[in-house]
Chemist: 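Structure below; questions to follow.
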Amino acid sequence: MRLKVWPGVICFLIAIACARNAAAHPSPFSYIDVVLRVDGIEGSVLVHIYDAAHDLNIPSQERLLDPAFLETQRVALEALLSRRLDIKADGRLLIPEWTGADAVPEQQGVRFRFKVRAGRPGSLILHPKVFPYDPQHQTFVNVYEDDTLRQQFAFSAHTGPRTYYAGTRQGTVAVVRTFVPSGIEHILIGPDHILFLIGLLLLGGDWKVLVRIVTAFTIGHSITLSLAALGIVSPPARLIEPVIALSIVFVGADNLVRGHGRDARAWIALVFGLVHGFGFANVLREFGLPREALGWSLFSFNLGVEIGQLAIVLIVATLLAAVRRRSDAIGYRVAYAGSVAVIAAGSYWFIERVFFPV
């Protein structure tokens, strides 16, 4: 006699099986507390017994809630966590000194306590991967300064390193050391920003004129960089990048048609500096602004941009001045050819960014 199995029964059995599998791992989370103190760093790691039992091949996860059995597994679990915490203080990898472990039955977990003998750091770089076998696993990190919760992070399998800057003098120094080089690097590796500056300098002028141009550009991009970084005004990059290219074309064309008319380069630098500031902000946004040190990070990044900008101005202006001292005719030809090259490059970037965006 053949038995007829109804589709509804099959679906019901599948649902029960899925529910059983889901219940087998009810909480794919770990929790890390990091406490910064004057005399060192303290912390704890709370892991679920399911994950701990999985990685140690313990058949019955509930045994980890037995203090006596937990003690036999404590060293192995601490060694496992030491390799996976991945916390750096001021760039130095922390080696935790484990001070104990307790079962937490109400959370089906085990809490491990640790300390690190070191001074209070200025920054922490966190990239924990506590249980990488599970792609759904998440780790939640709380950072405290003494007894005050300062910041919280959530890490998954695809989360990159996150940085915390302490609200101390050491934290401020760490912010400056990070964001000043970032600003310098961005202006030096950004050919569009460099070419805009070179275009403004091609016609030369005394140092007062050059200072006015650079100051106007600084004021312009500082305003929009701050507005965008604070989330007040944030136009999309697909609009800003083509306009930056057009600003380069405009500078080159102005050099060719202005002749002996009024020198408007400072005004051009100010107006288009507003546009370039949004470009800087797009990079800074990708880099990440720490909310606990927003002011210092903005200031430091901008300072780095200015340092790089001044280096470019000093080199280019000095070379152009040397050419003009040698021969006005050669200086004119360099300015003319340079302006044509600026227009060509700006036009290329405009077409690329409008019609062939990456």
Chemist: Please confirm whether the ring centroid of F250 lies under 6.0 Å from the ring centroid of F272.
Modeler: yes
Chemist: Taking atom types as modelled and ignoring hydrogens, do the side chains of D51 and Y133 form a donor-acceptor contact shorter than 3.5 angstrom?
Modeler: yes
Chemist: Using only heavy-atom distances, determine whether the side chains of S156 and T159 contain a donor-acceptor pair under 3.5 Å.
Modeler: yes
Chemist: For the backbone of L200 and the side chain of R265, can you confirm whether one donor and one acceptor N or O come within less than 3.5 Å of each other?
Modeler: yes
Chemist: Supply the atom-to-atom distance N302 CG to F299 CZ, rounded to the nearest 0.5 angstrom.
Modeler: 8.5 Å
Chemist: Between the side chains of H137 and S30, is a donor N or O closer than 3.5 angstrom to an acceptor N or O?
Modeler: yes
Chemist: Assess whether atom CH2 of W296 is packed by more than 12 heavy atoms of other residues, nucleotides or ligands within 6.0 Å.
Modeler: no
Chemist: When the ring planes of H193 and F280 are compared, do they come out parallel, tilted or perpendicular, using 30° and 60° as the limits?
Modeler: tilted
Chemist: How about R63: does its CZ atom have over 12 heavy atoms from other parts shown lying under 6.0 Å from it?
Modeler: no
Chemist: Among F155, Y31, F153, find the residue that satisfies the ring-ring contact (aromatic ring centres under 6.0 Å, His included) test when tested with F140.
Modeler: Y31
Chemist: Check whether the side chains of E62 and Y50 place a donor and an acceptor atom closer than 3.5 Å, and report yes or no.
Modeler: no
Chemist: Please report the interatomic distance CG(L225) to CG(L227), rounded to the nearest 0.5 Å.
Modeler: 9.0 Å
Chemist: Out of curiosity, S44 OG to R111 CZ, how far, rounded to the nearest 0.5 Å?
Modeler: 5.5 Å
Chemist: Residues in ring-ring contact (aromatic ring centres under 6.0 Å, His included) with F217, at least two apart?
Modeler: F196, H221, H276
Chemist: Checking T224 side chain against L274 main chain: does a donor-acceptor pair fall under 3.5 Å?
Modeler: yes
Chemist: Rest of the hydrophobic cluster containing V354 (Ile/Leu/Val/Met/Phe/Trp/Tyr, side-chain heavy atoms under 4.5 Å)?
Modeler: L246, F350, I351, F355, F356
Chemist: Which pairs count as side chain to side chain donor-acceptor pair (under 3.5 Å) when at least one residue sits in residues 75-87, sequence neighbours excluded?
Modeler: D55-R84, R74-E78, S82-W98, D86-K88
